[in-house]
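All remarks here apply to the structure that follows.
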Amino acid sequence: CGAIADDPTLGGDQKIFEEIYYAAGGAQWKNSDGWTTDTNVCNWYGVSCDGNGGVTALDLSENNLEGSIPTSVFRLSALTELDLQSN
């Protein structure tokens, strides 16, 4: 497991992103900058946040995702845009 799984202090949003990464074959993505690190998710590739740090958009289009996106993505309460096209 990556750093996210090993750090009990990380917030719920980061745990959701860990689920997305492993369920969608993150190791094979074209770009996974920041994913599986303990840096703020707002700095990760494809993630956009509002001024309060809430994740508002996730754009992983054309990024070689495989598998299924877990339903936990719907627990991202500030999420208004999800782009997974062309994977």
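Quick note: numbers below take in every heavy atom, side chains included, and nothing from hydrogens, waters or symmetry partners.
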Given Arg75 and Glu19, is the side-chain contact (heavy atoms from CB on, under 4.5 Å) satisfied, shown in steps?
CA-CA 12 Å; Arg75 293 197 318 257; Glu19 293 172 11; 4.3 Å; yes
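Side-chain contact between Tyr22 and Thr36 is present, with heavy atoms from C-beta onward closer than 4.5 Å. Looking at heavy atoms from C-beta onward, Leu65 lies out of side-chain contact with Tyr21 at the 4.5 angstrom threshold. You'll find the side chain of Leu60 stays beyond 4.5 Å of the side chain of Asp83, heavy atoms only.
Annotation for Ala23 and Ser68: closest pair CB-O, 3.3 Å, computed over non-hydrogen atoms. For Cys42 against Gly53, the heavy-atom pair with the smallest separation is SG-O, 3.8 Å. Looking at every heavy atom in both residues, Asn87 comes nearest to Asn63 through OD1-N, 2.9 Å. Closest approach of Lys30 to Glu62, counting heavy atoms only: CD-O, 3.5 Å.
Ring to ring, Tyr45 and Trp29 are not that close: their centroids are 6.0 angstrom or more apart.
Looking at Asp50, its side chain does come within 3.5 Å of a backbone N or O of Asn52 through a donor-acceptor pair.
Results of the side-chain contact (heavy atoms from CB on, under 4.5 Å) test with Val47 over Leu76, Asn40, Val55 single out Val55 as the only residue that passes. Among Thr56, Leu58, Asp13, the one residue that satisfies the side-chain contact (heavy atoms from CB on, under 4.5 Å) test with Leu79 is Leu58.
Under the 30°/60° scheme for interplanar angles, the aromatic rings of Trp44 and Phe17 are found to stand perpendicular.
Within the model, atoms CG of Asn64 and CG of Asn31 stand 11.5 Å from one another, a figure rounded to the nearest 0.5 Å. In this structure, Ile69 CD1 and Ile16 CD1 are separated by 12.5 Å, a value rounded to the nearest 0.5 Å.
Legend: disulfide bond (SG atoms under 2.5 Å apart) pairs involving residues 56-87, not counting sequence neighbours: none detected.
A search for side-chain contact (heavy atoms from CB on, under 4.5 Å) contacts involving Phe74 returns Thr71, not counting sequence neighbours. Residues meeting the side-chain hydrogen bond (donor to acceptor under 3.5 Å, both in side chains) test with Ser61, sequence neighbours left out: Asp59.
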